[in-house]
2 protein chains.
Amino acid sequence: MTDTRWLDDTEMAAWRAFLSTSHLLERRIEEQLKAAAGLTHPQYEILVRLADAPDRQMRMTELARGVVVSKSALTYQITRLEKAGLVERATCPSDDRGVLAVLTEAGLRCLERVAPGHLAVVRAYLVDRLTRDELEVMTTAMSKTERALRE
Amino acid sequence: MTDTRWLDDTEMAAWRAFLSTSHLLERRIEEQLKAAAGLTHPQYEILVRLADAPDRQMRMTELARGVVVSKSALTYQITRLEKAGLVERATCPSDDRGVLAVLTEAGLRCLERVAPGHLAVVRAYLVDRLTRDELEVMTTAMSKTERALRE
DNA sequence: ACAGGATGGTTCAAATCTGAACAACAAGTA
DNA sequence: TACTTGTTGTTCAGATTTGAACCATCCTGT
């Protein structure tokens with residue numbers, strides 16, 4: 001810990017821009033989803049992941065890993081979505097400990113209704129402002145970090 | 001809302017990678033700061049901003065904008081940091097409504113003590129994994145989005 | 001078969017975040 | 001001066017997140 005490697009200007013600029021932008025964008029998305037559908041961003045992401053999954057269902061732990069929230073946060077949100085009728089819990093046939101989160105028809109319809117407005121925000125502030133090259137560089141850069149963080 | 005522009009593969013890959021990575025990195029940083037100094041990431045960012053500011057002080061609203069948190073969240077955190085002796089509140093000479101958050105000596109020492117470990121994480125998972133080009137592309141890309149989001 | 005250790009999900013308390021409501025002050029206008 | 005409008009920071013209630021503690025179940029090696 002004696003020889004600290006500080007960030008030079010290029011590195012610091014990149015890190016600061018990444019940090020601010022991710023927080024700003026998160027806030028904007030949260031605002032849009034709340035206004036349009038009363039959903040939080042994690043809730044929306046849960047619906048998306050389930051819609052993409054085979055049989056529209058997923059194990060709790062796997063889902064938590066995908067959405068990047070703690071197990072307890074997922075338990076809370078699934079309970080919440082269950083009360084809203086968008087998701088159901090089912091017992092896992094292969095593992096008695098397991099719980100499956102299943103997207104309901106209402107959940108799917110909700111997602112289809114909300115997705116356009118959400119994607120419009122993602123486009124308006126991020127995707128549509130970047131060139132093809134920038135998009136690709138971002139993917140490779142982020143993927144390297146993601147892989148490292150997932151061990 | 002009738003003609004939805006979905007994301008193609010390149011766009012979706014970039015967006016998903018960005019989203020997951022920002023959340024994963026946030027979690028990792030939070031974990032490191034908590035273990036090393038009992039600080040949250042927002043708290044650390046507050047210290048950084050104050051250390052960079054003239055006279056190591058800043059108006060509450062300006063600080064909230066910089067760190068990207070709500071005004072009430074900043075009030076909460078400044079109160080917290082004040083109790084820890086890292087920050088003080090001062091009255092603003094030019095505006096009787098205003099409050100200045102001022103970094104104390106202890107706050108500065110705390111920051112200097114914590115920064116190396118924090119930067120090591122930022123390096124290990126992000127900065128050191130990217131090429132010079134990737135860093136620069138990321139800065140321009142993120143800056144475009146940031147500017148748009150700050151209106 | 002069974003002990004020992006890993007894994008899955010929930011519960012709980014504590015911390016934090018947000019938005020709305022509020023009070024005090026600022027700044028411009030008639 | 002008096003009015004109106006906008007800004008600043010705090011308070012408050014409610015929602016959400018996290019990590020630790022916990023129990024049930026799985027799995028491996030003996």
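Keep in mind it's a predicted model, so treat the numbers as computed, not measured. Each chain gets a letter, A, B and so on, in the order its sequence line appears, and its residues count up from 1.
Ionic pairing of Asp52(A) and Arg16(B) is present here: one or more N-O contacts between side-chain nitrogen and carboxylate oxygen are shorter than 4.0 angstrom. Glu134(B) and Lys144(A) are joined by a salt bridge, as a carboxylate oxygen and a charged side-chain nitrogen come within less than 4.0 angstrom of each other. Electrostatic pairing of Glu31(A) and Arg28(A) counts as a salt bridge here, judged by a charged N lying under 4.0 Å from a carboxylate O.
With a heavy-atom cut-off of 4.0 Å to chain B, the contacted part of DNA chain C has its first and last nucleotide at dA15(C) to dA26(C). For DNA chain D, the outermost nucleotides in 5' to 3' order that have an atom under 4.0 Å from a heavy atom of chain B are dG6(D) to dT18(D).
For residues 22-41 of chain A, every residue pair satisfying the ring pair (Phe, Tyr, Trp, His ring centres under 6.0 Å) rule, not counting sequence neighbours, is listed here: His41(A)-His118(A). Sorted by first and then second residue, the ring pair (Phe, Tyr, Trp, His ring centres under 6.0 Å) pairs with a member in residues 130-151 of chain B form an empty list; sequence neighbours excluded. Counting only residues at least two apart or in different chains, side-chain hydrogen bond (donor to acceptor under 3.5 Å, both in side chains) contacts with residues 56-67 of chain A comprise Arg56(A)-Glu105(A). Counting only residues at least two apart or in different chains, ring pair (Phe, Tyr, Trp, His ring centres under 6.0 Å) contacts with residues 60-92 of chain B are absent.
Remark: the backbone N or O of Leu19(B) is paired with a side-chain donor or acceptor of Ser22(B) at under 3.5 angstrom. The main-chain N or O of Gln43(B) is never found under 3.5 Å from a side-chain atom of Arg80(B) such that the two would form a donor-acceptor pair. Checked by atom type and distance alone, the side chain of Glu146(A) never pairs as donor or acceptor with a backbone atom of Ser143(A) at under 3.5 Å. A side-chain donor-acceptor contact under 3.5 Å links Arg49(A) to the backbone of Gly66(A).
Listed by residue number, there are no residues of residues 77-88 of chain B with a heavy-atom contact under 4.0 Å to DNA chain D. Contacts between residues 30-69 of chain B and DNA chain D, counted as heavy-atom distances below 4.0 Å, involve Arg59(B), Met60(B), Thr61(B). Remark: Arg89(B), Arg97(B), Gly98(B), Val99(B) in residues 89-102 of chain B come within less than 4.0 Å of DNA chain D through at least one heavy atom.
In this structure, the side-chain hydrogen bond (donor to acceptor under 3.5 Å, both in side chains) partners of Asp95(B), at least two apart in sequence or on a different chain, are Arg97(B). Annotation: side-chain contact (heavy atoms from CB on, under 4.5 Å) contacts of Thr145(B) (sequence neighbours excluded): Thr21(A), Tyr125(A), Leu126(A), Leu149(B). For the side-chain hydrogen bond (donor to acceptor under 3.5 Å, both in side chains) test, no residue two or more places apart in sequence or in another chain qualifies with Glu45(A).
Put simply, CG on Leu25(B) and CZ on Phe18(A) are 5.5 Å apart, with the number rounded to the nearest 0.5 Å.
In terms of position on DNA chain D, the residue among Tyr76(B) and Arg27(B) whose nearest nucleotide sits closer to the 5' end is Tyr76(B).
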